[in-house]
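Residue numbers begin at 1 in each chain, while the letters A, B, ... track the order of the sequences. Note that the structure is a prediction, hence the values are computed from the model and not measured. What's counted below: heavy atoms across the whole structure, side chains too, no hydrogens, waters or symmetry copies.
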There are 2 protein chains.
Amino acid sequence: MNVFDAIRTRRSIRKYLNKPVEREKLSKILEAARLSPSAANRQPWRFIVVTDQKIKEELRAAYDEDWFVSAPVIIVGCALPSEAWVRSDGEEYWKVDLAIAMQNLILEAWELGLGTCWIGAFREDEVKRILGIPDEVRVVALASLGYPAEEKGSVTKRKPLEEIVSYNYW
Amino acid sequence: MNVFDAIRTRRSIRKYLNKPVEREKLSKILEAARLSPSAANRQPWRFIVVTDQKIKEELRAAYDEDWFVSAPVIIVGCALPSEAWVRSDGEEYWKVDLAIAMQNLILEAWELGLGTCWIGAFREDEVKRILGIPDEVRVVALASLGYPAEEKGSVTKRKPLEEIVSYNYW
């Protein structure tokens, strides 16, 4: 699948087949995250791959949705701010780094026929408690992963280009 | 170009041919950003496409590198925090949203034979002053864009998968 088609057709998938994700596909998806660029190449990321049904059920304390628990895999995207590059004015880039890696992972999953859903509305304290994530680590995003059980058309609801692009000046 | 090859072969390009980027390619690259997912689909992004040589020269006040000015195009990725989704605990997601869109743009550029370089080490106040960006808007990242004048192999210097992935628990 070419890059543009992956971007154009990727949709948030919230219904999954009861079918595990093959180890080779999971490896390739994680490899897509691993190869991502990050500020000063610090790679301040860790990914927890949750496949255990009991732990997924526990994660409802952090994100209480039926569809979420039905996904065969939950990827937990964590950042280590202490490892990350910081600009001289103090601006932090670990959220940017993690977002790049998660997006690469999500596009690669789609190429392999797998659906995902970006999740930001989780309780970070609960995710950390359940998965034993150290205090200093930040959870940036979760992504569900599995074979889609719903079909959706291409992306539609977006602002027109004229609203979001200008030339040379604001 | 398939997604995995784009991710695997994309490199930061800092040498550019003196050749403009065709309008159709630029449109497709911006379309890749436009179609990106964002938290609650808020799309809190604006992209300023700088092609004017005089303005690029002025931008040296924000990022003083010869190679940067030699890029035919500079994309300035801006976020509007007031338009963006915020989690109930106050956590902000506009950096994540912008990073997703910039990464889509960068992968699509690569697919079209164009090189880019993520830039984070800029002086935000100077970028805003030069381009007339309102106070409340944040500049998340710049990306240079143009035909590469250097060849680089695939991505190599990355942490091994074992260091960045764990299963079910931290």
Side-chain angles (χ1 to χ4, degrees), chain A residues 1-4 6-8 10 12 27-28 30-32 34-37 39 41 43 45-52 55 85 87 89 91 93 95-96 98-100 103-104 107-108 110-111 118 120-121 123-124 131-134 137 140-141 155 157-159 161 164-170, chain B residues 1-4 6-8 10 12 27-28 30-32 34-37 39 41 43 45-52 55 85 87 89 91 93 95-96 98-100 103-104 107-108 110-111 118 120-121 123-124 131-134 137 140-141 155 157-159 161 164-170:
Chain A
M1 178 180 284
N2 72 40
V3 172
F4 193 77
I7 291 169
R8 187 177 59 82
R10 181 219 58 87
S12 294
S27 294
K28 201 162 182 189
L30 293 166
E31 183 71 0
R34 187 182 81 87
L35 295 175
S36 301
N41 198 25
Q43 311 163 60
W45 43 52
R46 297 293 184 280
F47 304 94
I48 307 177
V49 179
V50 179
T51 54
D52 185 288
I55 300 173
W85 180 78
R87 196 162 60 201
D89 64 2
E91 197 65 37
Y93 272 78
K95 278 186 186 175
V96 169
L98 261 287
I100 295 170
Q103 180 63 5
N104 275 359
L107 289 176
E108 179 53 24
W110 194 247
E111 165 160 273
W118 274 96
R123 285 191 54 182
E124 187 179 4
L131 302 181
I133 297 171
V137 174
V140 176
V155 175
K157 290 182 191 168
R158 294 289 188 271
K159 295 173 183 171
L161 216 50
I164 62 166
V165 174
S166 66
Y167 287 82
N168 293 309
Y169 291 102
W170 174 260
Chain B
M1 179 180 282
N2 73 40
V3 172
F4 192 77
I7 291 169
R8 186 177 59 82
R10 180 218 59 86
S12 294
S27 294
K28 201 161 183 189
L30 293 166
E31 182 71 0
R34 187 182 82 87
L35 295 174
S36 301
N41 197 25
Q43 310 163 61
W45 44 53
R46 296 295 184 281
F47 303 94
I48 307 177
V49 179
V50 179
T51 54
D52 185 288
I55 299 171
W85 180 78
R87 195 162 62 201
D89 64 2
E91 196 66 36
Y93 271 76
K95 279 186 187 175
V96 170
L98 261 288
I100 296 169
Q103 180 63 7
N104 276 0
L107 289 176
E108 179 53 22
W110 194 247
E111 166 160 271
W118 273 96
R123 284 191 56 182
E124 187 178 5
L131 302 181
I133 298 171
V137 175
V140 177
V155 176
K157 290 182 189 167
R158 294 290 188 271
K159 294 173 183 172
L161 216 50
I164 62 165
V165 174
S166 66
Y167 287 82
N168 293 308
Y169 291 102
W170 174 260

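Per-residue counts of heavy-atom pairs under 4.5 Å with chain B were compared for Asp89(A), Ile164(A), Leu131(A); the largest is that of Ile164(A). For the set Ala32(A), Pro37(A), Ala99(A), Gly132(A), the count of heavy-atom pairs under 4.5 angstrom toward chain B peaks at Pro37(A). Listed options Ile100(B), Thr51(B), Leu30(B) were ranked by heavy-atom pairs under 4.5 angstrom with chain A; first place goes to Ile100(B). The candidate from Leu107(A), Asn104(A), Val50(A) with the greatest count of non-hydrogen atom pairs under 4.5 Å with chain B is Asn104(A). With chain A as partner, the option from Arg10(B), Arg87(B), Gln103(B) having the largest number of non-hydrogen pairs under 4.5 angstrom is Arg87(B). With chain A as the partner, the residue from Ala6(B), Ala39(B), Ala141(B), Ser36(B) showing the most heavy-atom pairs under 4.5 Å is Ser36(B).
Under the salt bridge (charged side-chain N to carboxylate O under 4.0 Å, His left out) criterion, Lys159(A) pairs with Glu83(B), not counting sequence neighbours. By the salt bridge (charged side-chain N to carboxylate O under 4.0 Å, His left out) test, Arg34(B) is found to be paired with Glu31(B), residues two or more places apart in sequence or in another chain being considered.
A donor-acceptor pair under 3.5 Å links the side-chain atoms of Asn168(B) to the main chain of Asp52(A), judged by distance alone. Of the possible polar contacts, none joining the Tyr169(A) side chain to the Ile48(B) backbone as a donor-acceptor pair under 3.5 Å is found. In terms of modelled atom types and a separation under 3.5 Å, the side chain of Asn41(B) and the main chain of Arg158(A) share no donor-acceptor contact. Between the side chain of Glu111(A) and the main chain of Phe4(B), a donor-acceptor pair closer than 3.5 Å is present.
Using a 4.5 Å cut-off between heavy atoms, Val137(A) contacts chain B through its side chain alone, with no backbone atom that close. With a threshold of 4.5 angstrom between heavy atoms, Gln43(A) approaches chain B through its backbone and through its side chain. Of the atoms belonging to Glu108(B), heavy atoms from both backbone and side chain fall under 4.5 Å from chain A. Both the backbone and the side chain of Ile133(A) come within contact range of chain B, with heavy atoms under 4.5 Å apart. Both the backbone and the side chain of Trp45(B) come within less than 4.5 Å of a heavy atom of chain A. Proximity to chain A (any heavy atom under 4.5 Å) is restricted, for Ile55(B), to the side chain, taken from C-beta onward. Of the atoms belonging to Ala121(A), heavy atoms from both backbone and side chain fall under 4.5 Å from chain B. Looking at Arg123(A), neither its backbone nor its side chain comes within 4.5 Å of chain B, counting heavy atoms on both sides. Looking at Trp110(A), there are no atoms closer than 4.5 Å to chain B (heavy atoms on both sides), in backbone or side chain.
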